[in-house]
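What follows is one structure encoded as structure tokens, with my remarks underneath.
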Amino acid sequence: MQNNILVINCGSSSLKFSLMNPINGQVILSGLAECLLSPDAVITIKHHEEKEKSNLTSPFDHQVAINFLVSYLAKHQLKESVYAIGHRVVHGGEQYSQPTLINADVKQSIDQLSKLAPLHNPANLQGINAAEQAFSQIPQIAIFDTAFHQTMPEKAYIYGLPYKFYQDHGIRKYGFHGTSHYFVSKEAAKMINKPVEQCNFISAHLGNGCSVTAIKQGCSVDTSLGLTPLEGVMMGTRSGDVDPGVIFHLVEQLGYSLNEVNNILNKKSGLLGVSQLSNDCRTIEEAAEKGNKQATLALSIFSYRIAKSIASFSCNFQSLDGLIFTGGIGENSMLIRSLILSQLSLLNFNEDKTANEHMRFGKQGNISKNSSTPCWVIPTNEEWVIAEQTFQLLEQEH
Ligand code: AMP
């Protein structure tokens, strides 16, 4: 197969990659470079069920990681099989609602959009630059996390702020996790044998970052994350919605700097902040089971806020084909799913306990009782969407 796609997801100190067959989603090789920009930088490559971990050399950056990967691919006769590279890019603003062939102008736009995603877009751009250096003859495609939500109507994406902030500075809801919501909605449509364009779903991507999306006739019509990935439901370390007045109070009355508040809301809140234990749902569930009150409170707030978000998005529909759970927590936590569904009986969700217990560790299926609205657990596969869309764009252009 000479049409493999190399999928790259670059963070500020990490680089995740998979070499995939875009037609059937088969993963030929995958891996992760971590602790980049520090002498602890390592790269782990999984190939033929075996994992190989190596230290990276100075300057320990994204380029070193990509160069290591390229040598590995060449050594295993896989370099020639790379047809194109698909990059996950977090923020595409209003310009990008489709997969886009990367050129100098596109890179400039991604750079300009860094002011809306300062933690993500610069890192994505580093990955693009490093991949361009290493694979100079190969097309590079950007798949934007915000793209799927570009179908939202104004009433969903305009904030109740003076309109000039939107007009002059693009301050609006953009939404994220679009690739994941898109993938699971297509999978759910397959499960009920209906074209996705005729389906209405609410999907809940629950991982360390969490978002809920209303998907009407296959298109996103509202989503919980906003201008930045801080709005909406409570997450692993992010607060989600708080009264903006809390920020003034922290700064003016309690003397925190804006930087500190930013750090608190993004990194010290959510499951971690309330539980005072961890941002990891498994750890909190274990502690709650042993009677830890803060852990129980964290799970209760987390599930209530998600249920509330799902219920609020129901106002977009006359009828609903089903609810979808995905992401590390959505795919694995019976407890969180059960807590959420128990608060949604008015929308006719009724948990089937046996099915809920069964649907974990990569299994896919309905966890709602027969007579009620379906609720599916569907493992997400953002890498496959990136590979597929990269391949399709190039095929269209030929
Ligand atoms: P993600 O960001 O999608 O990788 O999801 C990470 C989150 O999924 C963490 O909070 C994990 O604790 C949670 N998670 C993974 N496996 C389980 C599990 N078996 N039960 C509960 N939570 C889980």
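Start at 1 and go down the list; that is how both ligands and their atoms are numbered. Each residue takes its place number in the sequence, starting with 1.
Looking from atom 10 (O) of ligand 1 to the surrounding protein, the closest heavy atom is Cys281 N, 3.1 Å. Among all non-hydrogen protein atoms, the one lying nearest atom 18 (C) of ligand 1 is Asn332 CB, 3.4 Å. With hydrogens left out, the protein atom closest to atom 13 (C) of ligand 1 is Ile329 CG1, 3.5 Å, a heavy atom. From the protein, the heavy atom lying nearest to atom 20 (N) of ligand 1 is Arg282 CG, 3.5 Å.
For the residue pair Glu34 / Ser13, no side-chain donor-acceptor distance below 3.5 Å is found, with atom types taken as modelled. Remark: the Tyr83 side chain and the Glu395 side chain contain an N/O donor-acceptor pair separated by less than 3.5 Å.
Here is the list of ligand 1 atoms found below 4.0 Å of a heavy atom in Arg360: 19 (N). Near Asn208, meaning under 4.0 Å from any of its heavy atoms, are these atoms of ligand 1: 1 (P), 2 (O), 5 (O), 6 (C). Atoms of ligand 1 lying under 4.0 Å from at least one heavy atom of Glu285, given by number and element, are 21 (C). Applying the 4.0 Å criterion to heavy atoms of Gly207 picks out, from ligand 1, the atoms 1 (P), 2 (O), 3 (O), 5 (O). Near Asn279, meaning under 4.0 Å from any of its heavy atoms, are these atoms of ligand 1: 10 (O).
Contact annotation: for Glu331 versus ligand 1, there are no heavy atoms closer than 4.0 Å.
Polar contact check, His205 against ligand 1: no nitrogen or oxygen pair lies under 3.5 Å apart. Checked by distance only, ligand 1 and Phe361 stay at 3.5 Å or farther apart across all their nitrogen or oxygen atoms. For ligand 1, the polar-atom distance check finds an N/O of Asp280 within less than 3.5 Å of one of the ligand's N/O atoms.
Between His91 and Tyr174, the ring center distance clears the sub-6.0 Å criterion.
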When the side chains of residues 36-49 are checked against the rest of the protein, which donor-acceptor pairs come out under 3.5 Å, sequence neighbours left out?
from	atom 1	to	atom 2	distance (Å)
Ser38	OG	Cys35	O	3.0
Ser38	OG	Asp40	N	3.1
His47	ND1	Tyr72	OH	3.1

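Salt-bridge check for Arg238 with Glu231: failed, with every basic side-chain N at 4.0 Å or more from each acidic carboxylate O.
Looking only at distances, no side-chain donor or acceptor of Asn208 sits under 3.5 Å from a matching main-chain atom of Met235. Formation of a donor-acceptor pair under 3.5 Å by the Thr237 side chain with backbone atoms of Asn266 is found in this model.
Closest heavy-atom approach to atom 5 (O) of ligand 1 within the set Ser333, Ser180, Gly328: this belongs to Gly328.
Between Ile141 and the choices Ile102, Leu394, Thr100, the side chain to side chain contact (heavy atoms under 4.5 Å, CB included) rule is met once, by Leu394.
Val233 is connected to Phe325 through a chain of hydrophobic side-chain contacts under 4.5 Å among Ile, Leu, Val, Met, Phe, Trp and Tyr, so both are in one cluster.
Geometric assessment of Arg172 against the ring of Tyr157 yields a positive cation-pi assignment under the 6.0 Å and 45° thresholds.
The presence of a protein heavy atom under 4.0 Å from atom 8 (O) of ligand 1 is confirmed.
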